[in-house]
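Remember, it's 1-based here, ligands and their atoms both numbered in the order they're listed. When reading the values below, keep in mind they use all heavy atoms of this one structure, side chains included, and skip hydrogens, waters and symmetry mates.
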Amino acid sequence: MTVEATIEGLRGRPGVGETIPIIDPVTEQPIAEFADGGAAAIDDAVARARETFDAGVWHQKPQAEQAQVLWRVAELLAARADVLAQLDSLNTGMPLPQAQRNIAAAVEFFRYFSGWCTKINGIAHDVRMSGGLSGLDASVHAYTIKEPVGVVGLIVPWNGPAFNAAAKLAPSLAAGCSSVLKPAEETPLSALVFEEVLAEAGVPDGVVNLVNGYGHTTGQALIEHPDVDKIAFTGSTEVGKLIVQAAAGNLKRVMLELGGKSPVLIYDDAELDKAVPAAAMGIFIHSGQACVAGSRVFVQRGVYDQVVEGIATLGTKIRLGGPNEGKVHSGPIISERQLHRVMGYIEEGKRDGAEVVIGGHRLDRTGYFVHPTVLAEVRQDMRVFQEEIFGPVVAVTPFDDDDEVVAMANDSTYGLAASAWTRDISHAHRLAKRLDAGTVSINCQMMWDPAMPFGGFKQSGWGYENGQDGIEGYLKNKTVWAQL
Ligand code: NAP
Ligand code: MG
């Protein structure tokens, strides 16, 4: 499938609702359009998923065959890495090398979860009873079976289209689930290649069903659907809460990967030649549109001026541009709506008294580009300190000691990620215990591997992706008792 064929394919997909244009965030021009699938397309897709699940066409296959199919998916995605990277890059405006790293990670998801197909086991327990609750004095054999949860709705955001789709498709397939995938309205292109690859690799027809559309129409129909057993979602905390409400209808299970306002702690004794570039990249790369972006940097007073200047210098050196504009470090904000949201936060930060060290403005050119922005002297009560901006905007705050910085770092409704930079490794591990976040990085940032669980504390989410915890989320335990 070429980029052009994918765009044509998107135009031809069924839908009953209004036509949704896709705007290139670099040129601000439409590149494609598609029809909103709406409730009717969701009903059809859920019915197909349910039929395949109940018929067992996928989850009853020998595990070794499932593993081979998922490995083939990885191989076929790798073979199409070029077109996938071009599509994600065109759709989001991210630089091509960054899109290529995203596709490589998407491939790794399928390789890793392919291995799980043959390793999903329950437990056996030699229960010896004497009376007990049941009053039975019996010899029993007890064991558990892990079964797929059933039909899952997979809802993903725009910031890493192929990566996010793979993060959910790979474990849900490894567990034996059937699914309905709804990509973000802004970035539906690379999912079409997944559809083609899954079929070619041997995933039976109807096991994965792609439906395009808006969140408030198509997505809403999916989260409310009484025949969906689980929703796995990545996106905003606001929509996460809507999903929890909608899930109450049939008490479907919910896995949520939500936003963050992740703190980065830089101590006087940190290796600044590593900490400063990592802190700058941790917020400016992908124009800050990453859930784990280090958007609050706390710097110990002894190195405060040096670190602020270092991050600011790197921020001004970042070359922003579109994928076709030569060597660029970072791309645009995804949409005009998000651009206005980011600029609104910057303006509010200024009004609240934050000092703009660099940036604070949109680039004077076509496209939704925001200059990397460093806000200093940010206080805890400001919205730029508390809320997820999802743009290239970092709030820098000085601190004196552990108690002060840990209190400030944990003063957040979010708890997704945190990192600490210090040469004193015992100190770093003590901080890891005190920081209230699902992922803590020591002398590094934005680490990722499909084998390591990833999940948010507080309002950053429910449940985990990746690793054994990641696959458990798509499984349920059945306990079997047999009297001997
Ligand atoms: P969002 O609204 O949470 O969208 C994420 C996904 O949920 C999209 O596919 C969206 O559909 C869908 N959705 C929206 N409303 C829905 C509903 N009522 N029912 C079911 N699905 C629904 O995120 P966004 O608007 O794209 O971005 C807004 C903010 O979310 C960002 O500024 C950022 O703070 C946060 N965000 C976080 C992450 C993350 O990785 N944690 C990723 C992206 C965004 P459509 O958008 O297609 O309509
Ligand atoms: Mg949206």
S.K.: Which is it for Glu355 and Val396 under the side chain to side chain contact (heavy atoms under 4.5 Å, CB included) test, yes or no, and what are the steps along the way?
M.R.: CA-CA 10 Å; Glu355 177 204 335; Val396 193; over 6 Å; no
S.K.: So which protein heavy atom does atom 20 (C) of ligand 1 come closest to, and at what separation?
M.R.: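 That would be Gly219 C, 3.2 Å.
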S.K.: Atom 43 (C) of ligand 1: which protein heavy atom is closest, and how many Å away?
M.R.: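 Nearest protein contact, heavy atoms only, for atom 43 (C) of ligand 1 is Pro157 CB, 3.3 Å.
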S.K.: Number the atoms of ligand 1 from 1 as they appear, then name those within less than 4.0 Å of a heavy atom of Asn159, with their elements.
M.R.: 40 (O), 42 (C)
S.K.: I want to check something: taking the side chain as every heavy atom from C-beta on, are Phe454 and Glu257 in contact at a cut-off of under 4.5 Å?
M.R.: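 Of all side-chain heavy-atom pairs linking Glu257 with Phe454, at least one is under 4.5 Å.
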S.K.: What is the nearest protein non-hydrogen atom to atom 18 (N) of ligand 1, stated with its residue, atom name and distance?
M.R.: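 Here the nearest protein heavy atom works out to Gln220 OE1, 2.8 Å.
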S.K.: Decide whether a cation-pi geometry holds between Arg296 and Phe385; the criteria are a distance under 6.0 Å from NZ or CZ to the six-membered ring centre and an angle within 45° of the ring axis.
M.R.: yes
S.K.: Check each of Tyr414, Tyr214, Trp158, Phe233 against atom 6 (C) of ligand 1 and report the one with the nearest heavy atom.
M.R.: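 Nearest heavy atom to atom 6 (C) of ligand 1 lies in Phe233.
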S.K.: State, to 0.1 Å, how close Ala162 and Ile103 come at their nearest heavy-atom pair, and which atoms those are.
M.R.: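 Smallest interatomic distance, heavy atoms only, reads CB-CD1, 3.6 Å.
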S.K.: I'd like to check whether Glu388 has a polar contact with ligand 1, where a contact means an N/O of the residue lying under 3.5 Å from an N/O of the ligand.
M.R.: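 Yes.
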S.K.: Is atom 4 (O) of ligand 1 less than 4.0 angstrom from some protein heavy atom?
M.R.: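 Protein heavy atom within 4.0 Å of atom 4 (O) of ligand 1: absent.
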S.K.: Please compare Lys182, Glu185, Glu387, Gln338 and report which has the shortest non-hydrogen distance to atom 11 (O) of ligand 1.
M.R.: Lys182
S.K.: Tell me which protein heavy atom sits closest to atom 25 (O) of ligand 1, plus the residue, atom name and distance to 0.1 Å.
M.R.: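 The closest heavy atom on the protein side is Arg337 NH2, 2.8 Å.
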S.K.: Tell me whether the rings of Phe109 and Phe113 are parallel (<30°), tilted (30 to 60°) or perpendicular (>60°).
M.R.: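 The arrangement is parallel - the two ring planes meet at less than 30°.
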S.K.: Is it the side chain (CB and beyond), the backbone, both or neither of Ile243 that lies under 4.0 Å from ligand 1, heavy atoms counted?
M.R.: neither
S.K.: Indicate, with yes or no, if the rings of Phe390 and Trp158 have centres closer together than 6.0 Å.
M.R.: yes
S.K.: Counting non-hydrogen protein atoms only, what is the nearest one to atom 40 (O) of ligand 1? Give residue, atom name and distance.
M.R.: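 Among all protein heavy atoms, the one nearest atom 40 (O) of ligand 1 is Cys291 CB, 3.2 Å.
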